[in-house]
2 protein chains.
Amino acid sequence: MAERGSTGAMARGDTLLFLTDDQLRRGIEAMFFAYRGFTADPDRILIEKGYGRAHHRAVHFINRTPGTTVNNLLSILGVTKQSLNRVLRTLVDDGLVEARVGIRDKRERHLHLTEAGKALEQALSEAQRNRMRVAFRNAGPEAVQGFRAVLEEMMDPEMRRQYLDGVDQG
Amino acid sequence: MAERGSTGAMARGDTLLFLTDDQLRRGIEAMFFAYRGFTADPDRILIEKGYGRAHHRAVHFINRTPGTTVNNLLSILGVTKQSLNRVLRTLVDDGLVEARVGIRDKRERHLHLTEAGKALEQALSEAQRNRMRVAFRNAGPEAVQGFRAVLEEMMDPEMRRQYLDGVDQG
DNA sequence: CAGTTTATGTCAGCCTTGTTGACTTTCCAA
DNA sequence: TTGGAAAGTCAACAAGGCTGACATAAACTG
(Lines give C-alpha, C1' and ligand atoms only; values in the text may rest on other atoms or scores of the structure.)
Protein backbone atom coordinates (compact mmCIF):
# COMPACT_ATOMS: atom_id res chain seq x y z
CA MET A 1 0.00 0.00 0.00
CA ALA A 2 1.40 3.36 -1.00
CA GLU A 3 2.19 5.94 1.61
CA ARG A 4 -0.04 8.97 1.74
CA GLY A 5 1.00 12.33 3.12
CA SER A 6 4.35 13.47 4.35
CA THR A 7 4.38 11.83 7.72
CA GLY A 8 3.65 8.20 7.16
CA ALA A 9 1.14 5.84 8.67
CA MET A 10 0.66 4.11 11.98
CA ALA A 11 -1.00 0.78 12.37
CA ARG A 12 -2.10 -1.40 15.26
CA GLY A 13 -4.36 -4.37 15.10
CA ASP A 14 -7.12 -3.87 12.59
CA THR A 15 -6.86 -0.08 12.64
CA LEU A 16 -4.79 1.90 10.18
CA LEU A 17 -4.34 5.60 10.58
CA PHE A 18 -2.49 8.00 8.34
CA LEU A 19 -0.78 10.82 10.14
CA THR A 20 -0.97 13.26 7.30
CA ASP A 21 -0.53 16.94 8.00
CA ASP A 22 -4.24 17.29 7.45
CA GLN A 23 -5.05 14.65 10.03
CA LEU A 24 -2.80 16.43 12.49
CA ARG A 25 -4.44 19.77 11.68
CA ARG A 26 -7.78 18.22 12.50
CA GLY A 27 -6.41 17.15 15.86
CA ILE A 28 -5.13 20.67 16.46
CA GLU A 29 -8.47 22.23 15.64
CA ALA A 30 -10.27 19.65 17.75
CA MET A 31 -8.20 20.79 20.73
CA PHE A 32 -8.90 24.43 19.97
CA PHE A 33 -12.66 24.12 19.58
CA ALA A 34 -13.07 21.60 22.37
CA TYR A 35 -11.19 23.73 24.88
CA ARG A 36 -13.70 26.48 24.25
CA GLY A 37 -16.55 24.14 25.12
CA PHE A 38 -14.57 22.84 28.07
CA THR A 39 -14.33 26.29 29.67
CA ALA A 40 -17.67 27.73 28.52
CA ASP A 41 -19.89 26.52 31.37
CA PRO A 42 -17.69 27.48 34.32
CA ASP A 43 -16.88 30.77 32.57
CA ARG A 44 -20.54 31.74 32.70
CA ILE A 45 -20.69 31.10 36.44
CA LEU A 46 -17.44 32.92 37.03
CA ILE A 47 -18.59 36.07 35.23
CA GLU A 48 -21.74 36.12 37.37
CA LYS A 49 -19.67 36.03 40.53
CA GLY A 50 -17.06 38.46 39.31
CA TYR A 51 -14.23 36.00 39.00
CA GLY A 52 -12.14 34.70 36.13
CA ARG A 53 -10.53 31.48 34.99
CA ALA A 54 -7.51 32.16 37.16
CA HIS A 55 -9.74 31.96 40.24
CA HIS A 56 -11.27 28.75 38.97
CA ARG A 57 -7.87 27.13 38.56
CA ALA A 58 -6.76 28.16 42.04
CA VAL A 59 -9.97 26.94 43.64
CA HIS A 60 -9.82 23.69 41.71
CA PHE A 61 -6.34 22.74 42.83
CA ILE A 62 -6.85 23.88 46.42
CA ASN A 63 -9.88 21.62 46.50
CA ARG A 64 -7.94 18.76 44.95
CA THR A 65 -5.09 19.04 47.44
CA PRO A 66 -6.30 20.76 50.60
CA GLY A 67 -3.47 22.26 52.62
CA THR A 68 -1.28 22.73 49.58
CA THR A 69 1.28 25.51 49.86
CA VAL A 70 1.56 28.60 47.71
CA ASN A 71 4.78 27.35 46.14
CA ASN A 72 3.14 24.05 45.31
CA LEU A 73 0.26 25.79 43.62
CA LEU A 74 2.69 28.00 41.71
CA SER A 75 4.41 25.00 40.16
CA ILE A 76 1.09 23.41 39.21
CA LEU A 77 -0.35 26.54 37.67
CA GLY A 78 2.87 27.68 36.02
CA VAL A 79 2.38 31.39 36.71
CA THR A 80 4.38 33.93 38.68
CA LYS A 81 3.79 34.42 42.36
CA GLN A 82 2.67 37.98 41.68
CA SER A 83 0.00 36.75 39.35
CA LEU A 84 -1.17 34.02 41.68
CA ASN A 85 -1.02 36.30 44.68
CA ARG A 86 -3.43 38.77 43.13
CA VAL A 87 -5.95 36.00 42.61
CA LEU A 88 -5.34 34.37 45.98
CA ARG A 89 -5.70 37.68 47.80
CA THR A 90 -9.18 38.29 46.41
CA LEU A 91 -10.20 34.74 47.28
CA VAL A 92 -8.95 35.13 50.85
CA ASP A 93 -10.52 38.60 51.17
CA ASP A 94 -13.83 37.26 49.91
CA GLY A 95 -13.71 34.43 52.41
CA LEU A 96 -13.45 31.60 49.90
CA VAL A 97 -9.93 30.52 50.80
CA GLU A 98 -8.18 30.28 54.14
CA ALA A 99 -4.38 30.58 54.30
CA ARG A 100 -3.14 28.84 57.43
CA VAL A 101 0.40 29.43 58.70
CA GLY A 102 2.38 26.22 58.63
CA ILE A 103 3.05 24.33 61.86
CA ARG A 104 6.40 22.73 61.07
CA ASP A 105 7.48 25.58 58.79
CA LYS A 106 5.85 28.85 59.72
CA ARG A 107 6.90 30.48 56.46
CA GLU A 108 4.50 28.34 54.51
CA ARG A 109 0.83 29.11 54.00
CA HIS A 110 -1.39 26.08 53.72
CA LEU A 111 -4.42 26.78 51.59
CA HIS A 112 -7.89 25.49 52.33
CA LEU A 113 -11.33 26.20 50.92
CA THR A 114 -13.90 27.63 53.33
CA GLU A 115 -17.50 26.47 53.14
CA ALA A 116 -18.21 29.29 50.69
CA GLY A 117 -15.14 28.29 48.69
CA LYS A 118 -16.30 24.70 48.55
CA ALA A 119 -19.70 25.88 47.36
CA LEU A 120 -18.16 27.82 44.48
CA GLU A 121 -15.87 24.93 43.60
CA GLN A 122 -18.85 22.59 43.55
CA ALA A 123 -20.82 24.87 41.26
CA LEU A 124 -17.91 25.26 38.86
CA SER A 125 -16.80 21.64 38.78
CA GLU A 126 -20.35 20.37 38.54
CA ALA A 127 -20.93 22.43 35.43
CA GLN A 128 -17.68 21.22 33.93
CA ARG A 129 -18.24 17.62 34.93
CA ASN A 130 -21.69 17.63 33.39
CA ARG A 131 -20.28 18.47 30.00
CA MET A 132 -17.46 15.98 30.42
CA ARG A 133 -19.91 13.29 31.46
CA VAL A 134 -22.12 13.83 28.44
CA ALA A 135 -19.10 13.83 26.14
CA PHE A 136 -17.79 10.62 27.74
CA ARG A 137 -21.18 8.94 27.51
CA ASN A 138 -21.70 9.88 23.89
CA ALA A 139 -18.19 8.90 22.87
CA GLY A 140 -18.14 5.63 24.76
CA PRO A 141 -15.68 4.07 27.22
CA GLU A 142 -13.03 3.08 24.69
CA ALA A 143 -12.96 6.61 23.35
CA VAL A 144 -12.48 7.92 26.88
CA GLN A 145 -9.38 5.79 27.32
CA GLY A 146 -8.01 7.03 24.02
CA PHE A 147 -8.82 10.61 24.92
CA ARG A 148 -6.87 10.33 28.14
CA ALA A 149 -3.98 8.51 26.50
CA VAL A 150 -3.48 11.16 23.83
CA LEU A 151 -3.83 14.07 26.26
CA GLU A 152 -1.31 12.49 28.59
CA GLU A 153 1.13 12.17 25.72
CA MET A 154 0.63 15.81 24.83
CA MET A 155 1.70 17.09 28.24
CA ASP A 156 5.13 18.40 29.08
CA PRO A 157 6.89 15.97 31.43
CA GLU A 158 6.54 18.24 34.44
CA MET A 159 2.82 18.70 33.85
CA ARG A 160 2.46 14.97 33.33
CA ARG A 161 3.91 14.41 36.76
CA GLN A 162 1.44 16.87 38.24
CA TYR A 163 -1.38 15.13 36.41
CA LEU A 164 -0.41 11.68 37.60
CA ASP A 165 0.02 13.00 41.14
CA GLY A 166 -3.66 13.77 41.23
CA VAL A 167 -4.69 10.18 40.66
CA ASP A 168 -6.09 8.22 43.58
CA GLN A 169 -4.68 4.74 43.12
CA GLY A 170 -2.40 5.10 40.15
CA MET B 1 -22.36 -5.36 40.73
CA ALA B 2 -22.93 -2.40 42.99
CA GLU B 3 -22.74 1.10 41.60
CA ARG B 4 -19.72 3.15 42.53
CA GLY B 5 -19.68 6.92 42.67
CA SER B 6 -22.55 9.31 42.17
CA THR B 7 -22.81 9.23 38.42
CA GLY B 8 -23.06 5.60 37.45
CA ALA B 9 -21.21 3.47 34.98
CA MET B 10 -21.01 3.15 31.23
CA ALA B 11 -20.34 -0.08 29.43
CA ARG B 12 -19.73 -1.14 25.86
CA GLY B 13 -18.37 -4.43 24.67
CA ASP B 14 -15.74 -5.76 27.04
CA THR B 15 -14.92 -2.35 28.52
CA LEU B 16 -16.53 -1.04 31.66
CA LEU B 17 -15.92 2.50 32.82
CA PHE B 18 -17.20 4.19 35.93
CA LEU B 19 -17.98 7.82 35.47
CA THR B 20 -17.30 8.78 39.03
CA ASP B 21 -16.72 12.40 39.87
CA ASP B 22 -13.07 11.51 40.32
CA GLN B 23 -12.85 9.99 36.85
CA LEU B 24 -14.40 13.14 35.45
CA ARG B 25 -11.99 15.30 37.45
CA ARG B 26 -9.14 13.39 35.88
CA GLY B 27 -10.54 14.18 32.46
CA ILE B 28 -10.82 17.85 33.38
CA GLU B 29 -7.24 17.98 34.58
CA ALA B 30 -6.06 16.12 31.51
CA MET B 31 -7.58 18.85 29.35
CA PHE B 32 -5.99 21.55 31.47
CA PHE B 33 -2.48 20.13 31.49
CA ALA B 34 -2.58 18.96 27.90
CA TYR B 35 -3.70 22.32 26.58
CA ARG B 36 -0.60 23.81 28.12
CA GLY B 37 1.58 21.38 26.21
CA PHE B 38 -0.47 21.93 23.11
CA THR B 39 0.28 25.67 23.06
CA ALA B 40 3.80 25.59 24.49
CA ASP B 41 5.79 25.10 21.28
CA PRO B 42 4.09 27.73 19.10
CA ASP B 43 4.09 30.13 22.06
CA ARG B 44 7.88 30.05 22.13
CA ILE B 45 8.07 30.95 18.45
CA LEU B 46 5.45 33.66 18.84
CA ILE B 47 7.30 35.37 21.67
CA GLU B 48 10.45 35.45 19.56
CA LYS B 49 8.61 37.19 16.76
CA GLY B 50 6.69 39.53 19.03
CA TYR B 51 3.29 37.98 18.47
CA GLY B 52 0.75 36.28 20.71
CA ARG B 53 -1.69 33.41 20.51
CA ALA B 54 -4.33 35.65 18.97
CA HIS B 55 -2.04 36.14 15.98
CA HIS B 56 -1.48 32.41 15.74
CA ARG B 57 -5.21 31.73 15.64
CA ALA B 58 -5.81 34.32 12.96
CA VAL B 59 -2.95 33.04 10.82
CA HIS B 60 -4.06 29.45 11.27
CA PHE B 61 -7.61 29.99 10.06
CA ILE B 62 -6.62 32.31 7.23
CA ASN B 63 -4.29 29.58 6.06
CA ARG B 64 -6.98 26.95 6.41
CA THR B 65 -9.53 28.95 4.44
CA PRO B 66 -7.75 31.42 2.16
CA GLY B 67 -9.98 34.29 1.11
CA THR B 68 -12.13 34.04 4.22
CA THR B 69 -13.84 37.27 5.26
CA VAL B 70 -13.39 39.15 8.50
CA ASN B 71 -16.91 38.28 9.61
CA ASN B 72 -16.28 34.65 8.89
CA LEU B 73 -13.14 34.72 10.96
CA LEU B 74 -15.00 36.51 13.74
CA SER B 75 -17.52 33.71 14.05
CA ILE B 76 -14.79 31.07 14.08
CA LEU B 77 -12.66 32.82 16.67
CA GLY B 78 -15.51 34.03 18.83
CA VAL B 79 -14.03 37.42 19.68
CA THR B 80 -15.17 40.96 19.01
CA LYS B 81 -14.29 42.67 15.77
CA GLN B 82 -12.32 45.28 17.72
CA SER B 83 -10.20 42.58 19.26
CA LEU B 84 -9.66 40.79 15.97
CA ASN B 85 -9.07 44.01 14.14
CA ARG B 86 -6.17 44.96 16.37
CA VAL B 87 -4.49 41.64 15.65
CA LEU B 88 -5.30 41.72 11.96
CA ARG B 89 -3.97 45.25 11.61
CA THR B 90 -0.56 44.31 12.95
CA LEU B 91 -0.46 41.29 10.65
CA VAL B 92 -1.36 43.42 7.62
CA ASP B 93 1.09 46.15 8.64
CA ASP B 94 3.84 43.59 9.07
CA GLY B 95 3.13 42.17 5.63
CA LEU B 96 1.98 38.73 6.80
CA VAL B 97 -1.64 39.08 5.74
CA GLU B 98 -3.21 40.68 2.70
CA ALA B 99 -6.79 42.01 2.93
CA ARG B 100 -8.26 42.10 -0.55
CA VAL B 101 -11.41 44.08 -1.19
CA GLY B 102 -14.22 41.80 -2.32
CA ILE B 103 -15.17 41.69 -5.99
CA ARG B 104 -18.86 40.87 -5.70
CA ASP B 105 -19.22 42.67 -2.37
CA LYS B 106 -16.69 45.42 -1.99
CA ARG B 107 -17.42 45.85 1.71
CA GLU B 108 -15.90 42.52 2.46
CA ARG B 109 -12.20 41.96 2.99
CA HIS B 110 -10.88 38.62 1.81
CA LEU B 111 -7.90 37.56 3.86
CA HIS B 112 -4.84 35.83 2.43
CA LEU B 113 -1.44 34.99 3.80
CA THR B 114 1.55 36.54 2.04
CA GLU B 115 4.70 34.49 1.54
CA ALA B 116 5.99 35.79 4.86
CA GLY B 117 2.66 34.91 6.45
CA LYS B 118 2.84 31.40 5.06
CA ALA B 119 6.33 31.05 6.44
CA LEU B 120 5.20 31.99 9.93
CA GLU B 121 2.18 29.72 9.69
CA GLN B 122 4.42 26.86 8.62
CA ALA B 123 6.81 27.41 11.51
CA LEU B 124 3.97 27.54 14.04
CA SER B 125 1.95 24.62 12.71
CA GLU B 126 5.01 22.47 12.21
CA ALA B 127 5.93 22.87 15.85
CA GLN B 128 2.40 22.06 16.92
CA ARG B 129 2.04 19.15 14.52
CA ASN B 130 5.28 17.64 15.75
CA ARG B 131 3.95 17.37 19.26
CA MET B 132 0.61 16.10 18.04
CA ARG B 133 2.32 13.50 15.87
CA VAL B 134 4.42 12.18 18.73
CA ALA B 135 1.37 12.06 21.00
CA PHE B 136 -0.64 10.22 18.33
CA ARG B 137 2.18 7.77 17.67
CA ASN B 138 2.70 7.00 21.33
CA ALA B 139 -0.98 6.63 22.07
CA GLY B 140 -1.81 4.52 19.03
CA PRO B 141 -4.46 4.78 16.32
CA GLU B 142 -7.41 3.62 18.39
CA ALA B 143 -6.61 6.20 21.03
CA VAL B 144 -6.52 8.89 18.35
CA GLN B 145 -10.03 8.02 17.27
CA GLY B 146 -11.22 8.15 20.86
CA PHE B 147 -9.43 11.43 21.41
CA ARG B 148 -11.21 12.99 18.47
CA ALA B 149 -14.58 11.51 19.40
CA VAL B 150 -14.50 12.89 22.93
CA LEU B 151 -13.26 16.32 21.86
CA GLU B 152 -15.96 16.56 19.23
CA GLU B 153 -18.57 15.76 21.87
CA MET B 154 -17.18 18.46 24.10
CA MET B 155 -17.65 21.25 21.56
CA ASP B 156 -20.57 23.65 21.50
CA PRO B 157 -22.78 22.90 18.47
CA GLU B 158 -21.66 26.03 16.63
CA MET B 159 -17.99 25.20 17.14
CA ARG B 160 -18.65 21.64 16.10
CA ARG B 161 -19.99 22.90 12.81
CA GLN B 162 -16.89 25.00 12.31
CA TYR B 163 -14.74 21.99 13.15
CA LEU B 164 -16.50 19.71 10.71
CA ASP B 165 -16.37 22.41 8.05
CA GLY B 166 -12.60 22.16 8.07
CA VAL B 167 -12.59 18.52 7.08
CA ASP B 168 -11.64 17.63 3.53
CA GLN B 169 -13.91 14.76 2.62
CA GLY B 170 -16.22 14.44 5.61
C1' DC C 1 25.52 33.54 66.65
C1' DA C 2 25.99 35.50 61.84
C1' DG C 3 24.97 34.98 57.37
C1' DT C 4 22.39 32.84 53.71
C1' DT C 5 18.54 30.76 51.71
C1' DT C 6 13.64 30.00 51.34
C1' DA C 7 8.68 31.16 51.36
C1' DT C 8 5.72 34.57 50.92
C1' DG C 9 3.84 39.05 50.12
C1' DT C 10 3.73 43.52 47.97
C1' DC C 11 4.39 47.73 45.03
C1' DA C 12 4.91 49.53 40.51
C1' DG C 13 4.65 49.20 35.79
C1' DC C 14 4.18 46.91 31.42
C1' DC C 15 1.87 43.85 27.72
C1' DT C 16 -1.66 41.08 25.39
C1' DT C 17 -6.09 40.26 24.57
C1' DG C 18 -10.47 40.39 25.76
C1' DT C 19 -14.64 43.72 26.59
C1' DT C 20 -18.33 47.84 25.59
C1' DG C 21 -19.88 51.94 23.33
C1' DA C 22 -19.96 55.31 19.85
C1' DC C 23 -19.17 56.70 15.40
C1' DT C 24 -17.94 56.71 10.30
C1' DT C 25 -17.49 54.99 5.67
C1' DT C 26 -18.70 52.03 2.15
C1' DC C 27 -21.95 49.94 -0.53
C1' DC C 28 -25.54 46.14 -1.46
C1' DA C 29 -30.35 45.46 -2.06
C1' DA C 30 -35.10 46.39 -1.67
C1' DT D 1 -32.89 56.43 -2.60
C1' DT D 2 -32.66 54.82 1.69
C1' DG D 3 -32.06 51.17 5.29
C1' DG D 4 -29.01 48.14 7.02
C1' DA D 5 -24.95 45.16 6.73
C1' DA D 6 -19.86 44.99 6.64
C1' DA D 7 -15.92 46.92 8.02
C1' DG D 8 -12.89 50.04 10.31
C1' DT D 9 -11.61 53.20 14.03
C1' DC D 10 -11.23 55.65 18.52
C1' DA D 11 -11.51 55.53 23.41
C1' DA D 12 -11.66 53.44 27.70
C1' DC D 13 -11.47 49.65 30.61
C1' DA D 14 -10.41 44.91 32.89
C1' DA D 15 -8.32 40.38 33.55
C1' DG D 16 -4.44 38.21 33.97
C1' DG D 17 -0.07 37.34 32.31
C1' DC D 18 4.91 39.38 32.90
C1' DT D 19 9.46 41.70 35.11
C1' DG D 20 11.97 43.99 38.71
C1' DA D 21 12.70 45.45 43.21
C1' DC D 22 12.13 45.11 47.88
C1' DA D 23 10.40 43.48 52.76
C1' DT D 24 9.73 40.12 56.22
C1' DA D 25 9.94 36.11 58.75
C1' DA D 26 11.60 31.69 59.36
C1' DA D 27 14.66 28.12 58.56
C1' DC D 28 18.99 26.44 57.69
C1' DT D 29 24.18 26.36 57.79
C1' DG D 30 28.74 27.01 59.12
Side-chain angles (χ1 to χ4, degrees), chain A residues 32 35-36 39-40 42-62 67-94 97-112, chain B residues 32 35-36 39-40 42-62 67-94 97-112:
Chain A
F32 172 70
Y35 201 77
R36 292 254 290 276
T39 55
D43 277 359
R44 272 186 285 272
I45 296 171
L46 288 160
I47 285 171
E48 274 177 30
K49 316 250 175 184
Y51 295 115
R53 265 184 219 175
H55 301 86
H56 185 183
R57 292 194 281 265
V59 161
H60 174 96
F61 285 106
I62 293 171
T68 189
T69 63
V70 173
N71 251 3
N72 214 316
L73 205 48
L74 280 177
S75 72
I76 291 174
L77 298 177
V79 296
T80 59
K81 63 172 179 171
Q82 293 92 330
S83 206
L84 176 59
N85 195 256
R86 181 168 36 198
V87 164
L88 230 38
R89 206 189 314 156
T90 73
L91 290 174
V92 169
D93 288 352
D94 293 354
V97 167
E98 197 188 342
R100 302 183 194 155
V101 173
I103 300 176
R104 285 175 49 182
D105 188 335
K106 292 179 190 169
R107 291 169 307 178
E108 293 179 342
R109 300 298 136 97
H110 297 274
L111 303 169
H112 298 263
Chain B
F32 172 70
Y35 200 78
R36 292 253 292 275
T39 55
D43 277 358
R44 273 186 285 271
I45 297 172
L46 288 161
I47 287 171
E48 272 177 32
K49 316 251 174 183
Y51 295 116
R53 265 183 219 176
H55 300 85
H56 183 185
R57 293 196 281 264
V59 162
H60 173 95
F61 286 105
I62 294 171
T68 189
T69 63
V70 173
N71 249 8
N72 213 315
L73 204 49
L74 280 178
S75 71
I76 291 173
L77 297 176
V79 297
T80 59
K81 63 174 179 173
Q82 292 91 332
S83 202
L84 176 59
N85 196 258
R86 181 168 36 201
V87 164
L88 232 36
R89 202 188 318 154
T90 72
L91 291 173
V92 170
D93 289 351
D94 294 356
V97 166
E98 198 189 341
R100 300 182 196 156
V101 173
I103 299 176
R104 286 175 48 183
D105 186 336
K106 292 178 189 169
R107 291 166 305 181
E108 294 179 344
R109 301 298 134 97
H110 297 272
L111 304 169
H112 298 265

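Labels below follow one simple rule: chain letters A, B, ... track the order of the sequence lines, proteins then strands, and each chain is numbered from 1.
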Measure [atom1]/[X] against [atom2]/[N] and give the value in whole Å, please.
X      : N      : atom1 : atom2 : value
B:I47  : D:dG17 : CD1   : P     : 14 Å
A:K49  : D:dA15 : NZ    : P     : 17 Å
A:H110 : C:dA7  : NE2   : P     : 12 Å
B:L46  : D:dG17 : CG    : P     : 17 Å
A:K81  : D:dA21 : NZ    : P     : 13 Å
A:R53  : C:dT17 : CZ    : C1'   : 12 Å
B:R109 : C:dC27 : CZ    : C1'   : 11 Å

Ring-plane angle category for B:Y35 and A:Y35, please: parallel below 30°, perpendicular beyond 60°, tilted otherwise. parallel
At less than 3.5 Å, do the side-chain atoms of [X] and the base atoms of [N] form a donor-acceptor pair?
X      : N      : value
A:Q82  : D:dG16 : no
A:R107 : D:dA27 : no
B:K106 : C:dT26 : no

DNA chain D-proximal residues of residues 84-92 of chain B, any heavy atom under 4.0 Å: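 The stretch gives B:N85, B:R89 as the residues lying under 4.0 Å from the strand, ordered by number.
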Would you say B:H55 reaches C:dT17's phosphate, i.e. side-chain N/O to OP1/OP2 under 4.0 Å?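 For C:dT17, OP1/OP2 do have a side-chain N/O of B:H55 under 4.0 Å.
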Within the pair B:T80 and C:dG18, is there a side-chain N or O less than 4.0 Å away from OP1 or OP2?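 Answer no for this pair, as no side-chain N or O of B:T80 is under 4.0 Å from OP1 or OP2.
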Using the side-chain heavy atoms of B:V79, tell me which of these nucleotides is nearest: D:dG16, C:dT17, C:dT19. C:dT19
B:E108 has a side chain; which of D:dA7, C:dT17, D:dG17 sits nearest to it? D:dA7
Stretch residues 68-78 of chain A: residues that reach within less than 4.0 Å of DNA chain C through a heavy atom: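 Contacts with DNA chain C under 4.0 Å: A:T69, A:V70, A:N71.
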Of A:I103 and A:G50, the one whose closest nucleotide on DNA chain D sits nearer the 5' end is A:G50
I want to confirm an ordering. Mapping B:D105 and A:D105 to their closest nucleotides on DNA chain D, which one lands closer to the 5' end? B:D105
Taking A:R53 for the side chain and A:L46 for the main chain, is one N or O donor matched with an acceptor at less than 3.5 Å? no
